[in-house]
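Here the structure comes first, spelled out in structure tokens, and everything after it is commentary.
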Amino acid sequence: MALEQGLSTSSGMRAKPFAVWVIAGGLVFAAIVTFAGAVLYLIQNGAGDGVFYSYLIFAIVPLVFAVFAWREKRWAYIAAAVVCILFLILYVAFSFNSLLNPADNAFALLAALVPTFALVTVFGILAFRSAKLGLRQKTYLASVRSTGGLLTLAVVGFVIGMLVAGTIGSSVILRNTAGTAADISIVPNAMSAAIPYSPATFTVAVGRMVTWINLDRTAHTVTSTVAGQFDSGSVSTGQTWTGTFTQTGTYHYYCTYHPMMTGTIIVQ
Ligand SMILES: [Cu+2]
């Protein structure tokens with residue numbers, strides 16, 4: 001009897017239930033991608049606005065839950081599901097425009113993260129429900145050769161497919177923007193460009209429309225420095241935005257995602 005128990009314990013130590021691999025692995029993946037996003041933001045914008053630190057928290061929280069899920073703590077399963085639902089809402093709400101555009105750099109990030117969050121949510125809830133009896137009692141939680149394993153494989157395939165489609169789509173979309181007429185271009189690599197909106201100062205007659213086109217592979221905005229005058233919202237790669245200026249004056253504008261990007265409109 002004692003020998004049997006010893007054997008089952010050691011085999012249990014070796015073979016983690018499949019669900020634990022998915023939950024912990026998915027959370028670690030989310031943490032790595034979010035941390036990469038944090039570093040990218042730090043390089044582009046600096047730490048001054050505090051966004052970097054909130055990014056960092058978003059990277060550390062899933063890592064902590066991953067550790068406890070790996071130790072097969074029941075609460076960590078449901079915590080993983082909750083944090084992934086929150087991440088899903090945040091990522092989709094803030095980047096929905098980029099999710100629809102394969103040419104946007106954020107597309108690849110979202111295409112990889114959104115299915116991961118969904119998968120961890122499903123496994124987190126199922127594991128939480130079955131944890132008292134033990135995850136090893138349910139085949140789809142215990143073994144990779146199961147419905148759960150197939151689902152995971154399908155998600156991994158979907159992510160890879162999206163990344164390939166994104167790579168192909170981006171070159172097509174960027175080629176198609178070449179002929180689009182616009183007054184002001186958001187230039188490639190606008191975040192590090194000396195003149196992100198080209199021309200930096202644009203003069204128009206009163207009542208005329210002004211069109212911006214985004215030629216960068218990142219989404220930007222055209223937002224008046226004086227609040228409430230005009231705001232394009234997210235303009236993704238290859239998209240245009242048009243504003244009409246009905247009052248004379250000098251209008252300064254910037255990008256809300258990258259505030260060091262600025263431009264000027266003079267209406268005469
Ligand atoms: Cu920007």
Side-chain angles (χ1 to χ4, degrees), residues 33-56 58-59 90-114 166-167 169-171 173-178 180-202 204 209-245 250-266:
V33 173
T34 309
F35 184 72
V39 171
L40 200 66
Y41 191 91
L42 183 69
I43 293 167
Q44 289 169 349
N45 300 284
D49 57 7
V51 175
F52 167 71
Y53 298 105
S54 45
Y55 252 121
L56 216 54
F58 274 98
L90 279 173
Y91 271 85
V92 173
F94 283 112
S95 326
F96 188 67
N97 201 22
S98 301
L99 189 57
L100 300 178
N101 185 355
D104 194 312
N105 274 336
F107 175 86
L109 188 78
L110 290 163
L113 279 179
V114 169
T167 310
S170 70
S171 61
I173 289 169
L174 284 174
R175 211 183 308 141
N176 287 350
T177 58
T180 312
D183 302 301
I184 301 166
S185 298
I186 302 174
V187 303
N189 302 313
M191 282 169 284
S192 52
I195 300 171
Y197 299 96
S198 178
T201 301
F202 187 73
V204 284
M209 294 194 301
V210 179
T211 300
W212 282 259
I213 185 165
N214 184 1
L215 302 178
D216 195 9
R217 296 187 68 160
T218 305
H220 298 287
T221 77
V222 175
T223 309
S224 58
T225 308
V226 176
Q229 287 179 333
F230 55 92
D231 184 10
S232 66
S234 173
V235 181
S236 189
T237 306
Q239 291 184 333
T240 60
W241 182 74
T242 301
T244 306
F245 293 85
T250 300
Y251 299 88
H252 297 287
Y253 63 93
Y254 72 113
C255 170
T256 53
Y257 305 144
H258 318 101
M260 69 289 187
M261 291 174 55
T262 60
T264 304
I265 299 289
I266 297 172

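Here, residue 1 is the first one in the sequence, and each next residue gets the next number. Whatever order the structure lists them in is the order used to number ligands and atoms, beginning at 1.
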Nearest 0.5 Å, what's the [atom1]-[atom2] distance between [X] and [Y]?
| X | Y | atom1 | atom2 | value |
| --- | --- | --- | --- | --- |
| S54 | L90 | OG | CG | 10.5 Å |
| I184 | F202 | CD1 | CZ | 5.5 Å |
| W212 | T242 | CH2 | OG1 | 8.5 Å |

Around the Cu ion (ligand 1), what protein N, O or S atoms are found below 2.8 Å?
-> H220 ND1, C255 SG, H258 ND1
May I ask you to decide if V226's main-chain N or O and S224's side chain share a donor-acceptor pair within less than 3.5 Å?
-> yes
Do the ring planes of F230 and F245 sit parallel (below 30°), tilted (30 to 60°) or perpendicular (above 60°)?
-> perpendicular
Hey, does H258 have a side-chain heavy atom less than 4.5 Å from the side chain of T218?
-> yes
